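Worth saying up front: this structure is predicted, and the values here are computed from it rather than measured. Residue numbers start from 1 in every chain, and the chains themselves are labelled A, B, ... in the order their sequence lines are given, proteins ahead of strands.
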2 protein chains.
Amino acid sequence: MTAKRNTKQKSAIEEAFTNIQRPLSPTEVCDLARKQVPRLGIATVYRAINEMVEEGLLRPVDLPGQNTRYEKAGLHHHHHFHCSSCDKVFDLEGCFLKKDLNLPKGFDVIQHDITLTGHCPDCNHDF
Amino acid sequence: MTAKRNTKQKSAIEEAFTNIQRPLSPTEVCDLARKQVPRLGIATVYRAINEMVEEGLLRPVDLPGQNTRYEKAGLHHHHHFHCSSCDKVFDLEGCFLKKDLNLPKGFDVIQHDITLTGHCPDCNHDF
DNA sequence: CTAATTGCAAACAGTTTGCAGGCGT
DNA sequence: ACGCCTGCAAACTGTTTGCAATTAG
């Protein structure tokens, strides 16, 4: 039989995603989880995250020019906002894609990704 | 005085972008340019590309989960199509962003990126 | 001639993997 | 006690940088 184990490192990693409700990078997760497991290795974070992706608990969030972040799976279709000041990523409800794309013949669209970049509410009042 | 030189490696690199009218990765550029300069080093390609970006001749094209590609600068606003079969990237004319975004208060959008993913015309008839 | 440019290899950052010891079960 | 899991270090990929040799002007 398999025999998946419950370890404090995995719990700490899962908790990071529960506590912070926005896409997190492996480094962010590691920093957060180290508050509970100080000697936590980054490799363990990667292994745990990849497992959780396989199990369908997490979803990778790839943004242009950014390292992969991860967020809880099962959220309904949405897009992302990337703050160029604090580098945080936020979920934005709803779909921003135009209805009528009018593409050249032969392009078969399976998926679309939209990223808005700018300043988030927290950073905005610095300007 | 400065003293920018014309070398066959730079010409070969520039020609790659002139001959192939779609965003190219440094590796693609290197492979293409090596047809003319077989001993061309990848570091030279990176250096030339970065210079051309500084000079405003090229523009970086970052797509989710992909290495940076580059395309000639000065094209008017457009978006990109990424073929998941052949991994090529194509420019698509026009803007696909909805007019009325209706974001939560405080999010200040400076820029947006849209990537469509699917099969390109060449790959499409394999299905 | 002489300094910008190249090619190679070493240095880096992010991610993955191998392995010996640690720890759930 | 068994063997999954962790931490560390080594391996890897994409990109940048240092340096001696090459070469454009």
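Among A/Asp87, A/Thr117, A/Thr115, the single residue meeting the side chain to side chain donor-acceptor pair (under 3.5 Å) criterion with A/His82 is A/Asp87.
Under the 30°/60° scheme for interplanar angles, the aromatic rings of B/His77 and B/His112 are found to stand perpendicular.
Going from atom CG of A/Asp62 over to atom C1' of C/dG14 covers 13 Å, rounded to whole Å. With rounding to whole Å, B/Ile49 atom CD1 is found 12 Å from D/dG14 atom C1'. Atom pair A/Gln66:CD and C/dG14:P shows a separation of 12 Å (rounding to whole Å applied).
Side-chain N/O atoms of B/Asn67 and B/Ser25 include no donor and acceptor closer than 3.5 Å.
If you check every strand for non-hydrogen atoms under 4.0 Å, B/Ile42 touches nothing.
Among the nucleotides D/dC5, C/dT6, D/dG14, the one closest to any side-chain atom of A/Lys10 is D/dC5. Of the candidates D/dT15, C/dT16, D/dG7, the closest approach to any side-chain atom of A/Arg39 belongs to D/dG7.
Nearest-nucleotide mapping onto DNA chain D: of B/Pro26 and A/Glu51, the residue sitting toward the 5' end is A/Glu51. Positionally, the nearest nucleotide of DNA chain D for A/Leu40 lies more toward the 5' end than for the other of B/Tyr70 and A/Leu40.
The side chain of A/Asn67 places no N or O atom within less than 4.0 Å of a non-bridging phosphate oxygen (OP1 or OP2) of C/dA13. Under 4.0 angstrom from either OP1 or OP2 of C/dC23 there lies no side-chain N or O belonging to A/Gln9.
Note that CG of B/Leu116 is 9.0 Å distant from CG of A/Asp113, once rounded to the nearest 0.5 Å. Going from atom CZ of B/Arg69 over to atom CG of B/Leu58 covers 14.5 Å, rounded to the nearest 0.5 Å.
The two atoms that bring B/Val61 and B/His80 nearest to each other are CG1-CE1, 3.6 Å, heavy atoms only.
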Going 5' to 3' along nucleotides 18-25 of chain D, which nucleotides have protein heavy atoms under 4.0 Å from the base (write B), which only from the sugar-phosphate (write S), and which from neither (write -)? B----BBS

